[in-house]
Amino acid sequence: MGVTKTDHFTEHQNQVAVIAKALGHPARVAIIEYLLKVDTCITGDIVNELPLAQPTISQHLKELKNAGLIKGTVEGNSVCYCIDENTFSVLKEYFSKIITTVTNRKCC
């Protein structure tokens with residue numbers, strides 16, 4: 001079998017890329033910001049907050065969950081979403097290293 005392009009990169013590089021891709025849509029950024037503000041919520045709460053249809057929001061929630069940025073637990077007929085702190089700690093570590101490196105360099 002052939003090697004996929006992602007096989008040429010480290011697990012960490014692939015993880016950061018998946019997270020960054022999930023954050024690459026403004027609706028998903030808005031959902032993350034909303035969850036940070038309210039701590040936990042159900043899909044209907046997000047539908048009331050954003051100017052998007054419920055199926056569209058559900059698709060964005062699926063992408064965020066697949067990337068590990070949010071968690072969802074079933075409560076009756078609803079899913080309650082919240083931020084997944086573990087994934088954000090990966091981002092914090094990644095961007096902290098970049099900021100430290102850039103800050104300490106003297107480049108053109």
Side-chain angles (χ1 to χ4, degrees):
M1 279 226 171
V3 177
T4 64
K5 290 181 182 181
T6 57
D7 289 340
H8 295 290
F9 302 97
T10 68
E11 183 179 331
H12 185 258
Q13 289 167 332
N14 281 299
Q15 181 184 26
V16 171
V18 167
I19 296 167
K21 182 178 178 184
L23 288 172
H25 193 288
R28 295 181 199 144
V29 173
I31 290 169
I32 293 293
E33 290 174 353
Y34 180 72
L35 288 173
L36 288 169
K37 183 172 65 172
V38 299
D39 196 29
T40 64
C41 71
I42 58 172
T43 306
D45 296 338
I46 300 169
V47 171
N48 293 332
E49 182 72 16
L50 299 177
L52 301 170
Q54 186 274 327
T56 303
I57 288 178
S58 291
Q59 186 61 40
H60 287 304
L61 289 167
K62 179 182 173 187
E63 292 296 324
L64 290 169
K65 190 172 180 187
N66 287 344
L69 290 162
I70 63 173
K71 300 182 273 190
T73 56
V74 177
E75 293 184 4
N77 293 336
S78 304
V79 180
C80 182
Y81 291 98
C82 65
I83 298 294
D84 188 332
E85 303 86 8
N86 295 327
T87 303
F88 280 92
S89 66
V90 170
L91 282 178
K92 180 181 177 182
E93 179 184 327
Y94 179 74
F95 284 111
S96 291
K97 285 180 183 177
I98 290 173
I99 291 167
T100 301
T101 302
V102 169
T103 303
N104 293 330
R105 282 200 177 162
K106 304 280 190 262
C107 184
C108 40

Under 4.5 Å between side-chain heavy atoms, hopping through other hydrophobics if needed: is there a path connecting Ile98 to Leu23? yes

Residue pair Leu52 / Ala27: nearest heavy atoms and the distance that separates them: CD1-CB, 3.6 Å

Looking at Ile57 and Val47, what are the two nearest heavy atoms and their distance? CD1-CA, 3.4 Å

Between Ala30 and Leu50, which heavy-atom pair has the shortest distance, and what is it? CB-CD2, 3.7 Å

Give the intermediate values and the outcome of side-chain contact (heavy atoms from CB on, under 4.5 Å) for residues Ile32 and Ile70. CA-CA 8 Å; Ile32 293 293; Ile70 63 173; 3.8 Å; yes

Counting N and O atoms only, with roles assigned by atom type, does the side chain of Ser78 sit under 3.5 Å from a partner on the main chain of Ile42, one being a donor and the other an acceptor? no

Considering only NZ, NE, NH1 and NH2 on the basic side and carboxylate oxygens on the acidic side, decide whether Lys97 and Glu93 come within less than 4.0 Å. yes

Is there a donor-acceptor contact under 3.5 Å linking the side chains of Glu85 and Ser89? no

side-chain contact (heavy atoms from CB on, under 4.5 Å) for Ile31 and Leu61? Distances and angles first, verdict last. CA-CA 8 Å; Ile31 290 169; Leu61 289 167; 3.8 Å; yes

Please round to the nearest 0.5 Å and tell me the distance separating atom CZ of Arg28 and atom CD of Glu33. 14.5 Å

Of the non-hydrogen atoms in Leu36 and Ile83, which two are nearest, and what is the gap between them? CD2-CG1, 3.9 Å

Rounded to the nearest 0.5 Å, how far does CG of Asn66 lie from CD1 of Ile19? 12.5 Å

Quick check against the 3.5 Å criterion: does Gln13 have a side-chain atom that pairs as donor or acceptor with the backbone of Thr10? yes

Please find the pair of heavy atoms, one from Leu69 and one from Ala22, that lie closest to each other, and give the distance. CD1-CB, 3.8 Å

Would Asp45 and Tyr34 satisfy side-chain contact (heavy atoms from CB on, under 4.5 Å), going step by step from the backbone distance to the final call? CA-CA 10 Å; Asp45 296 338; Tyr34 180 72; 3.7 Å; yes

Working to the nearest 0.5 angstrom, can you tell me the gap between His60 NE2 and His25 NE2? 4.0 Å

Determine the minimum heavy-atom distance between Val16 and Tyr94, stating which atoms define it. CG1-CE2, 3.7 Å

Value rounded to 0.5 Å, distance of CG in Leu35 from CD in Glu49: 10.5 Å

